[in-house]
Amino acid sequence: MSNVKKRKLIDKGFHILVFLTTLFGLLILSILLFDILKDGLKWINIEFFTNFTSRFAEKAGIRAPLFGSIWIITITMIFAFPIGVGSALYLEEYSDDKKILTKIIKLNISNLAGVPSIVFGILGLGIFVNFLGFGRSILSGALTLTLLILPIIIVSSQEAIKSVPKELRHGAYALGATKWQVVKGVVLPYSLPGILTGSILAIARALGETAPLIIIGAVTFIAFIPESIFDKFTTLPMQVYNWSTMPQTEFHDLAAGAIIILLILLLGANAVAIILRNKYQNRIK
Amino acid sequence: MNIKIDVKNLDFFYGDFKALNNINIEIEENKVTAFIGPSGCGKSTFIRTMNRMNDLIDGTKHVGEIIYEGKNIYSSEVDVVELRTKVGMVFQKPNPFPKSIYENIVFGPKRNGIKKKAELDRIVETSLKDAALWEEVKDRLDSSAWSLSGGQQQRLCIARALAMKPDVLLMDEPTSALDPVATSKIEELIGELKDKYTIVIVTHSMQQAGRISDNTAFFLMGKLIEYGETSKIFSNPEDKRTEDYITGRFG
Amino acid sequence: MNIKIDVKNLDFFYGDFKALNNINIEIEENKVTAFIGPSGCGKSTFIRTMNRMNDLIDGTKHVGEIIYEGKNIYSSEVDVVELRTKVGMVFQKPNPFPKSIYENIVFGPKRNGIKKKAELDRIVETSLKDAALWEEVKDRLDSSAWSLSGGQQQRLCIARALAMKPDVLLMDEPTSALDPVATSKIEELIGELKDKYTIVIVTHSMQQAGRISDNTAFFLMGKLIEYGETSKIFSNPEDKRTEDYITGRFG
Amino acid sequence: MYAIQEKSKKINRNKIKKRNVKERCIKIILFLLASISILTTIGIVIILSRETISFLREVSIIEFLTGTEWTALFANPKFGVLPLVMGTLMIAVYGSFIAIPIGLGSAIYLSEYASEKTRKIVKPLLEILSGIPSIVYGYFALTFITPLLQKVIPDINIFNALSASVAVGIMIIPMISSLSEDAMKAVPNEIRQGAYALGATKFEVSIKIVVPAALSSIISSFVLAISRAIGETMIVSLAAGSTPKLTLNPLESVQTMTSFIVQVASGDVTHGSLIYKTIFAVGMLLFLITLIMNIIARMIIKKYREEY
Amino acid sequence: ETEGEEKSNDTKKSEELSGSIEIDGSSTVYPITMAVAEEFQIGHEDTEVTVGVSGTGGGMKRFTIGETNISNASREIKEEEAEIAEENGIEFTRLTVALDGISVVVNSNNDWADDITVEELKKIWEPNSSVKKWSDINSNWPEEEIKLYGPGTDSGTFDYFTEAIVGESGATRTDFTASEDDNVLVQGVAGDEYALGYFGYAYYEENKDKLKALSIDGVEPTPENIGSEKYTPLARPIFIYVNNDHYKNKSQVKEFVDYYLNNGKSIVPSTGYVALTEERYEEELNKLKELGTK
Ligand SMILES: Nc1ncnc2c1ncn2[C@@H]1O[C@H](COP(=O)(O)OP(=O)(O)OP(=O)(O)O)[C@@H](O)[C@H]1O
Ligand SMILES: Nc1ncnc2c1ncn2[C@@H]1O[C@H](COP(=O)(O)OP(=O)(O)OP(=O)(O)O)[C@@H](O)[C@H]1O
Ligand SMILES: [Mg+2]
Ligand SMILES: [Mg+2]
């Protein structure tokens, strides 16, 4: 009997522990958000969105980087999502696990996740800017970020696909479904929540990167809005970084203002994924 | 009397484990063939070779031939996807897709290119009626198939297979999760279906085998011990082991 | 004649759907009680309330009381973990853990603080023997439980429950996936166990209910229609609906 | 009659053929998509190794790999990479000490303990943590974590590896919590119920059943998260300074391999000079280190994988 | 790709200017160039000025192959870079556009030191320095360990300081605490009573309440002293490099550079840097005049 008591106690303790770990994350988040909001909120007004950057904090705005970030994240996801999910599908559904090539691809992908982002920048400069001649444009930036976040999407999609129960696949195969029909009809819907989680994390990463973009030539001062994927651009995190290295403290607060917008943009970009994820996860339960 | 499926010298392996040992059997067209035998004897393994579901398990291999429509189903001439649309299957454990009831049924037909809503609706209704599930779910075709009871799920899986209008229907203990009323409906259905289809059914219930099957095959430890007309097998088995098994008091 | 579990005015809801409607029943100690009824009538739902497994489903609620050992199992005095160690359960679908056969069996005993290898080995052997699985798996206790056949998996789950030495054993169609030989062993086992344990079993098989149970309860659409001694229910049911169901030709 | 049958057979053949061609195409397309990653790696290896070879012509590999002083940008440069490696390992290891328990704890809480409603709200909230720009974490470490640490450990350096590790750890929590949570959610409910029915507590179900069943995905999430920790630069250069130092003491200022790379790549040195080449050599070494880490992780996953 | 079509604009008036001006390079120079660009764009709406921050090295790499019109540089062009420029037929002019006074700062609680000599600084910062405590510099100062802070080793400030104080670029003791971000150095010195550090004037200027700047050989780092280059040797010039060919052939580039030097006096102070004297700006403009008449 004392055994049960002990186990219940462990369970209680564990419950509290994992609750606290979750709370820890939320607590840090609220501290960070509070800090950012405290400094940044007062700067957010119409001009903040309509002005370009300036050496005077009162006149500085985020028009160019806001549009730049929206462009970049949209194009990046347009490339990264299908490539990432497609790769994961190939690896989990189509490839032969015993083949050495498959093993190499799998190892290689999780290894890519550890390559510093700046190296992707150097790669992007070589391939997209110079070799393919896309110039120092949104397209080059987005493609570079695509390569950077692919491992996140691929690995998390792979894990999600792996978790689809065998019986479900078998049920579909037994109905004379082809592999692709099984994938489309059963595997993808079941694994979608996990795939979306990967995408959410990937979006967060892509939206916050600066180093590789600097390498491929994203500028910091730009007083016009990009109109096509071949235009020059700047992004919110670059503006944030630039402002926070300024000596004047008003710029640090301005940076906080830009971060607020960045986070709103992030939540907006994630909202679709989060809603879809919840919907599909419900179904699976 | 036509032979629909002709199995010749079939061995089957899970890795090194030989689950089927030199099986020879002829499945007759428009008949119900029942497989009986103790748990683990290889009934599921065998029924799954007939539409090559075992291809999906890593490390399996076979020796021998299964002739269907004049061709060895393992030969390169035969397209496995096509094979499975003709040789349908219902599993031992219900395995509905995590989709709505409606989507579960139309999964197969849609793959086969049927797009019209009206036709799909009709297929859903007839299949569910055939599987004796229509009354229970007709008002909630859009709710998740996973919220059904175990027996309902199994009937849904049967309906799903019927929606494909298969040529041969393999059923691995389709009624083991069903109550008598639903079982009776399925059994009636099998009786009706056999005019058009060839049916192979794995069952634990001697009574069921006796009631619905024309031929019965008795398996033991991966071997086919005896095969023949059900009446013969049940009344006058040749093999002592068959007799022992059948005269067990239980079922 | 002791009352082991006393159910009073029990309603049970999945969200807004009322799956059980005012159930009143007294489960007798050291007896086998069988629940019968058509698919979807709420048998599984009811048996699962008795060890509060339904707590695990979101959005469920109950009204009424289930008295076990003098306490309402839903009251705060009763610890659900302890309740479940005393009221064991075997499910309709086999659900072994994705671990080795050995680890599946010792999972419960280990939680209960049994650490000694020798004792655990002994428990594994006796439980597997009791569940009529020992011979088939004794040489591969370390292989994954998921590589067993459907019936083997179900027997493993029974063995796993027996390893806990429960006070009450709830079985939701434990033999629906078993062949006659294994079924007979389990039924024999149930006969032996009832001296020490109280057993509640859901079954589709009238024959099985008739063979092994002392009392039988008949459910229909969430209601308890009739409850009494099995012999009485089978020979002379009071309710027309019970009679209709029982005299169905099938099972 | 016979002819009609023949004809329909032919149509059928065509259909099958068409379908098989489609299936083939899909497979090829997917393969091409997957090979983009291979090409990326090949590109990276080419870029890195070309300059690395040229670097190693000027600096002996022995000095590079075993030297204990990294003063690449000083007047008499020494190219012993160990201080950078140590800095990297320290950030990654201490960061993981924070992120793994907290991330996994949160994942277990969300998957096994929290109500559906809580889960739906908290999970995306935690995910914001990985979207906050790392510069914010850098300043957070410097102006919040470090002063906090100074209260406990008075002689801690104002720039220190510990503070940076904590911030890096926090940033990667969502990778672990979200991906692991997904994996645990995918463990079939029946398995859980089997354990509950044996009188297991939630703790036991979580730790003994759910976590082992989802282990391979959980380890993958660790690898992804640690990879991101290794790649992080901004936090480290803000909170840990930019002082390459061969130390295991988290209270001191360090520099990591990636923050060195960024420092030089976006700094004032001449492109093409020896110093500029160091970033490729360091990048190459990092590539090899993560490769080894991944091979080990793969071995672990293989060993503990539980199929369901 | 920035060339072409604009050729005809040569001598047109500024209102009709269009085309792009690409500038890249040091992040140290960025605030000044950006400020000029900001002002320049008012009234020149059709020109597209972009300013990047690839670092002096990264900027030079692009500049020496003719990709950019102007390169921001916090140091002089290196020999290797000049060679590449020559190979590519790129001729250029270096222009000094502003000055930065590298400030030597201590904690505001430091009540012993107000002035320091170049000699003393050298003694502190030279490689293998024997200075461990404040008292090692001046026996009147406390016997406390001196904590040194300096900018990242890949910065123009670092190069300039070591060159000016120790005599060789990059020659310095290695046991100081470095940070890439001057704001972070401010934090470091402000939080450490026995600290001594150096960084750009603007960062001192903005944090006067937390820090104290030492005078060097009696000269304080004030805008006047820096602008007149009396603050030796730590008044450090800030450069831009202009592509001669672009200056000559692209009116928007010429217009921009001229604007830069003509308005430097008024714009530079708002960026935290110190403007040159009028005469110095004249001198720089003259370098271009020669170019124009050539
Ligand atoms: N999780 C759930 N959510 C919503 N409804 C449910 C859920 N589980 C069961 N039900 C519904 O409750 C009713 C009773 O289900 P239950 O599983 O108890 O039936 P049963 O008598 O065990 O049937 P069977 O013999 O087919 O197993 C059915 O109508 C079923 O659809
Ligand atoms: N995937 C597998 N890997 C290895 N062995 C397997 C696998 N599936 C089945 N087996 C083994 O093959 C043998 C036959 O299994 P099968 O599932 O065909 O039995 P069955 O006759 O259908 O039994 P049941 O009536 O219990 O369903 C059993 O010993 C089983 O353990
Ligand atoms: Mg079977
Ligand atoms: Mg049930």
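Below, chain A is the first sequence line, B the second, and so on; all start at residue 1.
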> What part of E:Ile23 lies closer than 4.5 angstrom to a heavy atom of chain A: side chain, backbone, both or neither?
Replying inline: neither

> What part of E:Tyr30 is in contact with chain A, defined as an atom under 4.5 angstrom from a non-hydrogen atom: side chain, backbone, both or neither?
Replying inline: side chain

> Would E:Glu39 and A:Arg55 pass as an ion pair if we require N to O under 4.0 Å?
Replying inline: yes

> Under 30°, 30 to 60°, or over 60°: which ring-plane class applies to E:Tyr198 and E:Phe161, parallel, tilted or perpendicular?
Replying inline: parallel

> Picking from A:Ile215, A:Thr53, A:Ile214, A:Thr245, which has the most non-hydrogen pairs under 4.5 angstrom with chain E?
Replying inline: A:Thr245

> Near E:Tyr259 OH, under 6.0 Å, is it more than 12 heavy atoms from other residues, nucleotides or ligands?
Replying inline: yes

> Mind checking whether E:Phe158 and E:Phe176 have parallel, tilted or perpendicular rings, split at 30° and 60°?
Replying inline: parallel

> If you count the non-hydrogen atoms of other residues, nucleotides and ligands that lie under 6.0 Å from NZ in A:Lys232, is the total more than 12?
Replying inline: yes

> With only heavy atoms counted, which part of E:Gln41 is less than 4.5 Å from chain A, the side chain, the backbone, both or neither?
Replying inline: side chain

> Which bit of A:Ser244 comes within less than 4.5 Å of chain E, counting heavy atoms only: side chain, backbone, both or neither?
Replying inline: backbone

> So what's closer than 4.5 Å to chain A heavy atoms on E:Asn183: side chain, backbone, both or neither?
Replying inline: side chain

>> Heavy-atom pairs under 4.5 Å with chain A - which of E:Ser270, E:Gly200, E:Gly272 has more of them than the others?
In response: E:Ser270

> Where on E:Asp24 is there a heavy atom nearer than 4.5 Å to chain A: the side chain, the backbone, both, or neither?
Replying inline: neither

Mind listing the side-chain donor-acceptor pairs of residues 121-134 of chain A below 3.5 Å, one per line with the distance, residues two or more places apart or on another chain?
unit_1, atom_1, unit_2, atom_2, d
A:Asn130, ND2, A:Leu125, O, 3.3

